[in-house]
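What you see below is based on every heavy atom in this structure, not just the backbone, and it leaves out hydrogens, waters and symmetry mates. Computed from a predicted structure; not experimentally measured.
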Amino acid sequence: MNDYLIQILTESLQQFDLDEQPEIRIEEPNLPEHGDAATNLALTLAKPLRNNPRTIAGQIVEKLQYDENKISAVEIAGPGFINFRFADDYLFEELAGILEQGTDFGKSDEFDGRQVLVEFVSANPTGPLTVGHGRNAVLGDTVSRLLEWTGAEVEREYYFNDAGRQMRVLGESVRARYNELLGKESDFPEDGYQGEYIRDIAQSLVDEQGEGLLDAEDEKPFKEKAEEAIFADISQTLERMGIKMDSFFNEHSLYEDGKIDETVAKLRELDLAYDKDGAVWFRTTKFGKDKDTVLVKSTGEPTYRLPDIAYHANKLDRGFDLCVDVFGADHIATYPDVLSGIKSLGYDPDKVDVVVYQFVTIVKDGQPFKMSTRKANFVTLDELMDEVGADVSRFFFLMRSPNTHLEFDIARAKEAGEKNPVFYLQYAHARICSVMRKVTEEYDFSGKADLSLLNHPSEITLIKTMNKFPKVIAHAAKSREPHHVITYLNELASDFTSFYHDCRILGEDKNIAHARLTLAEAVAQVLRNGLTILGISAPESM
RNA sequence: GCGCCCGUAGCUCAACUGGAUAGAGCAAUUGCCUUCUAAGCAAUAGGUUACAGGUUCGAGUCCUGUCGGGCGUACCA
């Protein structure tokens with residue numbers, strides 16, 4: 001419809017002597033009196049044409065030729081908006097289209113054929129995933145789903161590093177617990193991981209190896225065991241949330257294939273890297289920073305920035321058209337350096353895009369809950385799902401814009417009723433399924449329903465709301481903001497329940513019942529498609 | 001100090017990226033179950049969009065400044 005409006009408006013614009021074609025934007029008015037679609041075209045033309053917007057709007061409308069099967073009215077309103085009203089026939093056609101498209105309704109070709117890598121979670125295996133990782137994981141997965149719905153081919157990747165200091169400390173922590181379990185002296189590392197899971201891992205080592213590791217040369221066997229156990233745990237947690245990674249990328253491989261050294265060498269060639277005080281520095285002052293940044297410490301160990309640059313170069317080498325990174329606001333500082341780095345190396349930084357999300361605050365018993373992985377004072381994702389389930393968890397992580405702090409009120413999420421917004425959507429779906437079951441017992445429909453019988457305001461509103469779905473998905477995908485889908489589904493569910501209360505199906509005349517049932521089926525389809533994108537189930541009964 | 005993000009109803013948050021009278025949910029008040037799920041519907045109340053300027057036909061949205069909050073600002077990730 002948008003394309004059609006733009007087309008007829010463009011034709012009408014030919015009456016003017018314009019230097020360049022203005023961009024025509026169609027928007028949806030927030031008041032129903034203002035029609036179904038509107039354009040501010042006349043307002044933007046006021047300046048170049050040096051005329052009053054209302055006069056221009058009049059001239060545009062005067063010459064406008066439109067199909068009355070699609071548009072029933074065109075009005076000029078306010079300062080010079082042109083408002084369009086859709087014809088009912090057009091709406092009925094669209095409604096029939098929704099059912100024809102079925103599980104594909106909402107898909108578009110916005111990102112058609114593009115190869116996209118979405119990197120997310122990327123937590124080092126030092127402990128169970130926490131609620132903070134949860135937001136990351138669900139955002140990454142849902143952004144992936146959105147991109148898939150808009151035509152992209154998506155690979156989900158998990159980036160990790162099992163070679164750094166964190167992992168060494170992890171190994172030492174396990175070793176200390178292991179010794180402890182065997183009644184030996186242990187010096188638990190000062191900044192060690194204190195969680196109970198460390199003891200469990202140590203215990204399994206005792207079970208498997210007995211005292212065999214007491215005189216191990218270093219922490220390596222402990223580290224390896226921990227990594228294995230923790231990764232198994234992480235994968236299981238992700239699976240529970242409906243997340244399946246396509247690839248795991250170990251930072252270590254960048255050292256093995258020489259990419260780290262290569263990156264430094266290239267930066268040196270460009271005079272963007274230099275030695276000072278035994279370290280290698282990245283000339284970030286060239287990119288507008290007030291300080292240069294260390295790439296390789298004097299110990300010879302790179303800082304995280306260097307592998308990050310090499311890793312992104314690697315992603316682009318693999319031929320992806322777009323690389324999306326999902327990370328928390330605390331990592332934002334490295335992002336400009338990575339972009340500067342890959343740009344210097346000759347890659348297109350526009351192909352890298354970042355979803356930054358703000359922190360999650362868990363509210364337990366009305367009190368904010370401070371978390372720290374090392375001190376083992378956290379809420380794990382598994383604990384969260386034990387409490388509220390995967391559907392509710394996903395929904396809560398997605399319902400806010402990534403850019404805003406997320407307050408996760410466990411008590412509220414646990415209420416299976418009114419206060420919990422997830423159920424509102426699922427309930428609407430379950431209700432439709434229930435009606436469908438009952439109606440098909442009572443009636444015997446054959447052929448297609450006569451949709452022109454739908455003329456109640458609630459019915460018309462519902463159809464219009466459904467028609468917005470593909471646009472919402474495309475917008476959410478482009479902006480990488482899944483919360484738009486939730487906002488939309490709430491509106492749809494709300495419009496449906498109004499319809500449900502205003503218009504009965506069971507007990508009505510057969511033809512009306514058939515038309516309304518068809519409408520309800522379409523709503524169920526859209527709800528299902530939307531929930532599928534969010535990774536939330538659509539139960540048939542509750 | 002500097003950089004990034006944010007400040008919208010009592011609370012948690014939207015607002016199609018500059019459009020018309022700023023919207024939902026929760027909490028509050030009031031109606032509605034012998035009829036397809038009341039996990040619901042309808043209605044009322046709640047606002048100087050932190051503050052002060054500016055840009056223009058038009059600002060919650062853009063620019064400047066002030067105040068308040070979060071996160072960075074490590075040879076930690």
Side-chain angles (χ1 to χ4, degrees), chain A residues 25-31 33-34 38-40 43-44 46-47 52-53 77-81 83 122-124 126 161 164-166 191 276-281 288-291 293-305 307-308 327-336 356-359 361 363 399-401 403-409 412 415-424 426-428 430-439 442 468 471-472 475-476 479 483-484 486-488 490-491 494 497-498 500-508 513 516-517 520 541-542:
Chain A
R25 289 186 46 191
I26 307 294
E27 44 202 52
E28 180 202 324
N30 34 23
L31 267 87
E33 300 95 273
H34 294 149
T39 179
N40 61 350
L43 281 80
T44 58
K47 196 172 260 181
N52 158 344
F81 289 99
N83 297 334
S122 296
N124 283 341
T126 58
N161 176 23
R165 204 189 67 92
Q166 280 183 30
D191 51 356
K276 195 182 96 185
D277 306 332
V280 183
W281 294 71
K289 282 216 164 179
D290 50 2
K291 272 187 250 168
T293 317
V294 171
L295 281 179
V296 184
K297 301 185 230 171
S298 51
T299 59
E301 249 182 315
T303 64
Y304 57 93
R305 246 164 261 256
D308 269 2
F327 55 66
D330 55 335
H331 285 232
I332 186 73
T334 89
Y335 174 56
V356 181
Y357 61 90
Q358 303 293 323
F359 284 164
T361 315
V363 176
M399 72 184 190
R400 303 300 178 210
S401 154
N403 213 353
T404 181
H405 287 265
L406 173 67
E407 190 166 286
F408 200 129
D409 187 333
R412 182 151 170 215
E415 284 190 57
E418 312 134 67
K419 290 176 199 148
N420 193 326
V422 191
F423 290 98
Y424 187 71
Q426 296 183 322
Y427 182 57
R431 245 182 183 174
I432 296 170
C433 294
S434 163
V435 173
M436 280 165 57
R437 284 189 295 267
K438 290 217 161 100
V439 170
E442 300 281 324
K468 289 194 258 177
K471 240 172 105 177
V472 171
H475 179 237
S479 61
H483 74 279
H484 293 300
I486 289 190
T487 308
Y488 169 80
N490 275 323
E491 184 189 345
S494 167
T497 31
S498 299
Y500 177 84
H501 283 269
D502 292 343
C503 306
R504 292 190 55 81
I505 297 175
L506 217 58
E508 292 289 331
R516 287 182 176 164
L517 182 70
S541 63
M542 292 177 75

Under 4.0 Å: is that the gap between some side-chain N or O of [X] and OP1 or OP2 of [N]?
| X | N | result |
| --- | --- | --- |
| A:Lys291 | B:A74 | yes |
| A:His475 | B:U17 | no |
| A:Thr497 | B:C41 | yes |
| A:Arg25 | B:U17 | yes |

All N/O contacts under 3.5 Å from nucleotides 49-51 of chain B to the protein, with atom names and distances to one decimal?
none

With [X], which residues qualify under side chain to side chain contact (heavy atoms under 4.5 Å, CB included), at least two apart?
| X | answer |
| --- | --- |
| A:Cys433 | A:His429, A:Arg437, A:Glu540 |
| A:Thr404 | A:Arg400, A:Ser401 |
| A:Lys276 | A:Tyr274, A:Trp281 |

Enumerate all atom pairs, one protein N or O and one N or O from nucleotides 30-38 of chain B, separated by less than 3.5 Å.
{"from": "B:U35", "atom 1": "O2'", "to": "A:Arg504", "atom 2": "NH2", "distance (Å)": "3.1"}
{"from": "B:C36", "atom 1": "O3'", "to": "A:Lys438", "atom 2": "NZ", "distance (Å)": "3.3"}
{"from": "B:C36", "atom 1": "O2", "to": "A:Leu506", "atom 2": "N", "distance (Å)": "3.0"}
{"from": "B:C36", "atom 1": "N3", "to": "A:Ile505", "atom 2": "N", "distance (Å)": "3.2"}
{"from": "B:C36", "atom 1": "N4", "to": "A:Tyr500", "atom 2": "O", "distance (Å)": "2.5"}
{"from": "B:C36", "atom 1": "N4", "to": "A:Cys503", "atom 2": "O", "distance (Å)": "3.2"}
{"from": "B:U37", "atom 1": "OP1", "to": "A:Ser434", "atom 2": "OG", "distance (Å)": "2.8"}
{"from": "B:U37", "atom 1": "OP2", "to": "A:Ser434", "atom 2": "OG", "distance (Å)": "3.4"}
{"from": "B:U37", "atom 1": "OP2", "to": "A:Lys438", "atom 2": "NZ", "distance (Å)": "2.7"}
{"from": "B:U37", "atom 1": "O2'", "to": "A:Tyr427", "atom 2": "OH", "distance (Å)": "2.1"}
{"from": "B:U37", "atom 1": "O2'", "to": "A:Arg431", "atom 2": "NE", "distance (Å)": "2.7"}
{"from": "B:U37", "atom 1": "O2'", "to": "A:Arg431", "atom 2": "NH2", "distance (Å)": "3.3"}
{"from": "B:U37", "atom 1": "O4", "to": "A:Met542", "atom 2": "N", "distance (Å)": "3.0"}
{"from": "B:A38", "atom 1": "OP2", "to": "A:Arg431", "atom 2": "NH2", "distance (Å)": "2.4"}

Using a heavy-atom cut-off of under 4.0 Å over every strand shown, decide if [X] touches base, sugar-phosphate, or nothing.
| X | value |
| --- | --- |
| A:Ser494 | nothing |
| A:Ser298 | base |
| A:Lys289 | nothing |
| A:Ala333 | sugar-phosphate |
| A:Glu407 | sugar-phosphate |
| A:Asp409 | nothing |
| A:His331 | base |

Would you classify B:U17 as syn or anti? Syn applies when the glycosidic angle is within 90° of 0. syn

Which is it for B:C41, anti or syn, if anything within 90° of zero counts as syn? anti

Measuring only the [atom1] atom in each nucleotide, how far is [N] from [M]? A whole number of Å is fine.
| N | M | atom1 | answer |
| --- | --- | --- | --- |
| B:A22 | B:G68 | P | 30 Å |
| B:G46 | B:G23 | C1' | 13 Å |
| B:C76 | B:G18 | C1' | 43 Å |
| B:A9 | B:C5 | C1' | 24 Å |
| B:U8 | B:A52 | P | 16 Å |
| B:A20 | B:C32 | P | 38 Å |
| B:C2 | B:A45 | P | 47 Å |
| B:C36 | B:U48 | P | 44 Å |

Distance criterion of 3.5 Å, no angle test: do you see the side chain of A:Asp308 paired donor-to-acceptor with the base of B:A77? no

Once you round it to whole Å, what is the distance between [atom2] of [N] and [atom1] of [X]?
| X | N | atom1 | atom2 | result |
| --- | --- | --- | --- | --- |
| A:Asn40 | B:A59 | CG | P | 14 Å |
| A:Lys471 | B:C16 | NZ | P | 12 Å |
| A:Glu28 | B:G23 | CD | P | 13 Å |
| A:Asn30 | B:A24 | CG | P | 11 Å |
| A:Glu27 | B:U61 | CD | P | 17 Å |

Using a 4.5 Å cut-off on heavy atoms from C-beta on, say whether the side chain of A:Phe408 contacts that of A:Val363. no

Near-parallel close stack of A:Phe81 and B:A20 base (under 5.5 Å, under 30°): yes

Could you please name the option among B:A14, B:U21, B:G25 that lies closest to any side-chain atom of A:Arg412? B:G25

Could you check which of B:C71, B:A14, B:C75 has an atom nearest any side-chain atom of A:His483? B:A14

Distance (rounded to the nearest 0.5 Å) between A:Glu27 CD and A:Phe81 CZ: 6.5 Å

When rounded to the nearest 0.5 angstrom, what distance separates CD in A:Glu301 from CZ in A:Arg165? 9.5 Å

Applying a 3.5 angstrom cut-off to the pairing atoms, does RNA chain B sit in any stems of at least three consecutive Watson-Crick or G-U pairs? List them by first number. B:1-7 with B:67-73, B:10-13 with B:23-26, B:28-32 with B:40-44, B:50-54 with B:62-66

Heavy atoms under 4.0 Å is the rule here; annotate nucleotides 2-10 of chain B 5' to 3' with B where the base is hit, S where only the sugar-phosphate is, and - elsewhere. ---SS----

Has [X] got a side-chain atom pairing as donor or acceptor with [Y]'s backbone, closer than 3.5 angstrom?
| X | Y | result |
| --- | --- | --- |
| A:Asp409 | A:Arg412 | yes |
| A:Arg516 | A:Arg504 | yes |
| A:Thr39 | A:Arg25 | yes |
| A:Asn124 | A:Thr126 | no |

Please identify each residue that fulfils side-chain hydrogen bond (donor to acceptor under 3.5 Å, both in side chains) with [X], with sequence neighbours left out.
| X | result |
| --- | --- |
| A:Thr293 | A:Thr284 |
| A:Ser479 | A:Glu481 |
| A:Tyr427 | A:Arg431 |
| A:Tyr357 | A:Asn136 |

All N/O contacts under 3.5 Å from nucleotides 44-48 of chain B to the protein, with atom names and distances to one decimal?
none

Pair A:Lys297, A:Thr303 - check side-chain contact (heavy atoms from CB on, under 4.5 Å), show working. CA-CA 7 Å; A:Lys297 301 185 230 171; A:Thr303 64; 3.9 Å; yes

Could you say whether A:Ala77 or A:Lys276 is positioned toward the 5' end of RNA chain B, judged by the nucleotide with the nearest heavy atom to each? A:Ala77

